[in-house]
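Notes follow the structure.
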Amino acid sequence: MLIFHEIAPLRAQRAEWQRAGLRVALVPTMGALHAGHLSLIDQAQDCCDRVVVSLFVNPLQFGPNEDFDRYPRTFDQDCQQLEARAVHGLFAPSEQAIYPDGREGHTRVHVPGLSEMLCGCSRPGFFEGVATVVTKLFNIVQPDVAVFGAKDFQQLVVIRRLVKDLNLPIEILAGPTVREADGLAMSSRNAYLSTEQRALAPQLQQQLQAAAQAVQQGASLAAVEAEAEAQLSTAGLRPDYVRVRRAADLAAPRPDDESLVILAAAYLGSTRLIDNCCFNTKR
Ligand code: PAF
């Protein structure tokens, strides 16, 4: 596997692949790789000739009181997993390589509306940080395809929107959420959970499935959201939000919309978990 810490040699390699007519996929990550990331890599390999994984814990998407400093950094294990997957290139830049003049006055990419709702309410600046770094990664790697996990559903919708609005010639693929045997969505942040919290965590997906079923049976969206939040609280989680939205654009559903998603964020101690459940009102 080729490992790039700087932009110029990666660009040179990209140009060589371009000359050889090879299709290139990018899988952006913040490292601490788990089976969810590996499934995105498999998906990228299925549709492209060369796969580049980026590994960068992006400071721009963390709030001042968030977990940037303690975010798991497992570079050596990540490299082993990528080697085993026969990934062609790893782009693991330093902060200096990505933000050479500092973060303060750096140009930002902001996707209005989508960035302020749901997770954007309790994590102001998060989606701007994501949109900015992902746009930079797209410009650096110039992939034909980029693969993102559907677990971060709002992030996926934000990225699809920025690709459309900025006319970027990149196909965005969504990788299905990979779950533990008890239904908990895999996430690098699951490592923060204590044994007791880990036992409660699958409640998040269970409540979302129950809520989706209630919507299919005709319950009002507001009642379903309130009930799911109440059930999460009873189970020992601290819900941030539970909302039913249109899957395509996260707008409030109209009566005739069929493809919906129920999204939630909830805390276990200081760990914030997110998950979602896509469903069709007609089943
Ligand atoms: O989902 C993530 O891991 C990050 O938000 C991403 C897309 C790599 C941008 O830093």
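Along the sequence shown, residues are numbered consecutively beginning with 1. Numbering of ligands and ligand atoms starts at 1, following listing order. Bear in mind that the values here come from a model prediction, so they are computed numbers and not experimental data.
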- Query: Do we see a donor-acceptor contact under 3.5 Å between the side chains of Gln209 and Gln205?
  - Reply: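 Present: a donor and an acceptor within the cut-off.
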
At less than 4.0 angstrom from any non-hydrogen atom of [X], what atoms of ligand 1 do you find?
{"X": "Gln155", "result": "1 (O), 2 (C), 4 (C), 5 (O), 7 (C)"}
{"X": "Thr29", "result": "8 (C)"}
{"X": "Pro28", "result": "8 (C)"}
{"X": "Val133", "result": "9 (C), 10 (O)"}
{"X": "Gln61", "result": "4 (C), 5 (O), 9 (C), 10 (O)"}

- Item | Donor-acceptor under 3.5 Å (Glu225 side chain, Val244 main chain) |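 Yes, the answer is positive, given that a donor and an acceptor are paired below the 3.5 Å cut-off.
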
- Message: Students should be able to answer this: which protein heavy-atom is nearest to atom 3 (O) of ligand 1, and at what distance?
- Response: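 Among all protein heavy atoms, the one nearest atom 3 (O) of ligand 1 is Met30 CG, 3.6 Å.
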
- Item | Basic-acidic side-chain contact under 4.0 Å: Glu95, Arg103 |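 A salt bridge links Glu95 with Arg103.
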
- Between Asp67 and Arg189, is the closest basic N to carboxylate O distance under 4.0 Å?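 Judged by the 4.0 Å cut-off on N to carboxylate O distance, Arg189 and Asp67 do form a salt bridge.
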
- Determine the interplanar angle of the His5 and Phe75 rings, folded into 0 to 90°, and report it as parallel if under 30°, tilted if 30 to 60°, perpendicular if over 60°.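 Judged by the thresholds at 30° and 60°, the geometry between His5 and Phe75 is tilted.
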
